[in-house]
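Values in this document were obtained by computation on a predicted structure and should not be read as measured data.
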Amino acid sequence: MNELSSIQKLTKFFVSEKIFSSMETESRAWKVKCNNCGHERSVWGMGGIRWKAYGEKALYRRCSNCGERSLLKIYKKTAAG
């Protein structure tokens with residue numbers, strides 16, 4: 001996703017370029033994975049921002065890949081895996 005989402009554009013307007021770059025980098029490390037089909041995307045790629053966050057969470061939503069409703073796990077992918 002090359003184009004910014006509405007929330008990303010709004011955030012970019014109010015923060016410095018340095019902070020926005022940090023938000024993008026960290027948001028790209030946060031992944032959303034479907035428990036049904038295993039499809040994985042970054043929070044940034046979905047149009048979101050997850051910055052200075054910790055812990056994992058799960059949401060019951062429709063997967064953009066398989067179309068089924070399932071738990072979507074949100075977790076931070078580290079260099080180690």
Side-chain angles (χ1 to χ4, degrees):
M1 175 180 191
N2 292 336
E3 191 173 321
L4 299 177
S5 69
S6 297
I7 193 68
Q8 291 167 340
K9 287 177 187 175
L10 182 66
T11 302
K12 186 175 184 176
F13 182 77
F14 287 104
V15 300
S16 71
E17 191 61 40
K18 182 179 178 181
I19 291 174
F20 188 74
S21 178
S22 173
M23 288 177 170
E24 180 179 357
T25 301
E26 190 165 337
S27 294
R28 287 185 185 276
W30 283 95
K31 304 296 180 184
V32 179
K33 184 175 184 177
C34 175
N35 280 351
N36 188 46
C37 71
H39 180 67
E40 183 179 86
R41 291 178 62 185
S42 73
V43 169
W44 186 264
M46 294 178 70
I49 297 173
R50 189 156 171 87
W51 185 56
K52 296 199 177 205
Y54 58 90
E56 296 181 355
K57 79 191 257 188
L59 302 170
Y60 188 71
R61 299 277 193 271
R62 186 172 308 279
C63 174
S64 63
N65 185 58
C66 68
E68 298 293 322
R69 292 183 65 81
S70 70
L71 282 177
L72 301 179
K73 180 181 174 184
I74 302 173
Y75 65 98
K76 191 169 187 179
K77 196 165 197 174
T78 61

Would you indicate whether the side-chain heavy atoms of His39 and Ser64 approach each other to under 4.5 Å? yes

Residue pairs passing the salt bridge (charged side-chain N to carboxylate O under 4.0 Å, His left out) test with at least one member in residues 61-72, sequence neighbours excluded, are none

query: Run the side-chain contact (heavy atoms from CB on, under 4.5 Å) check on Ile49 and Val43 step by step: do they pass?
result: CA-CA 6 Å; Ile49 297 173; Val43 169; 5.8 Å; no

request  = Flag yes if Phe20 and Phe14 sit in one hydrophobic cluster, no otherwise; membership is Ile, Leu, Val, Met, Phe, Trp, Tyr, and two members link when side-chain heavy atoms are under 4.5 Å apart.
outcome  = no

OG of Ser22 to NZ of Lys18, rounded to nearest 0.5 Å, is 9.0 Å

Grouping ILVMFWY residues whenever side-chain heavy atoms fall under 4.5 Å, the cluster of Leu71 otherwise contains Tyr60

Contacts of Lys73 meeting salt bridge (charged side-chain N to carboxylate O under 4.0 Å, His left out) (sequence neighbours excluded), chain-then-number -> Glu56

Report task. Look at the side chain of Thr11 and the backbone N and O of Ile7, then say whether any donor-acceptor pair between them is shorter than 3.5 Å. Result -> yes

Nearest heavy-atom approach of Ser70 to Asn35 is OG-N, 4.0 Å

Residues Cys63 and Cys66: closest non-hydrogen pair is SG-N, 3.5 Å

Those residues at least two apart in sequence (or on a different chain) that pass salt bridge (charged side-chain N to carboxylate O under 4.0 Å, His left out) with Lys9 are Glu3

Worksheet item: Under 3.5 Å, is there a donor-acceptor pair between the side chain of Ser42 and the main chain of Trp30?
Response: no

Ser5 and Gly47 have their tightest heavy-atom pair at OG-O, 2.6 Å

Ile19 meets the side-chain contact (heavy atoms from CB on, under 4.5 Å) criterion, sequence neighbours left out, with Val15, Ser16, Met23, Trp51

Next item on the list: Please confirm whether the backbone N or O of Glu24 pairs with a side-chain atom of Gln8, one donor and one acceptor, at under 3.5 Å?
Entry: no

Sorted by chain and residue number, the side-chain contact (heavy atoms from CB on, under 4.5 Å) partners of Lys33 (sequence neighbours excluded) come out as Glu40, Tyr75

**OP:** Give a yes or no on whether the backbone of Lys52 and the side-chain of Glu26 come within a donor-acceptor separation of less than 3.5 Å.
**Re:** yes

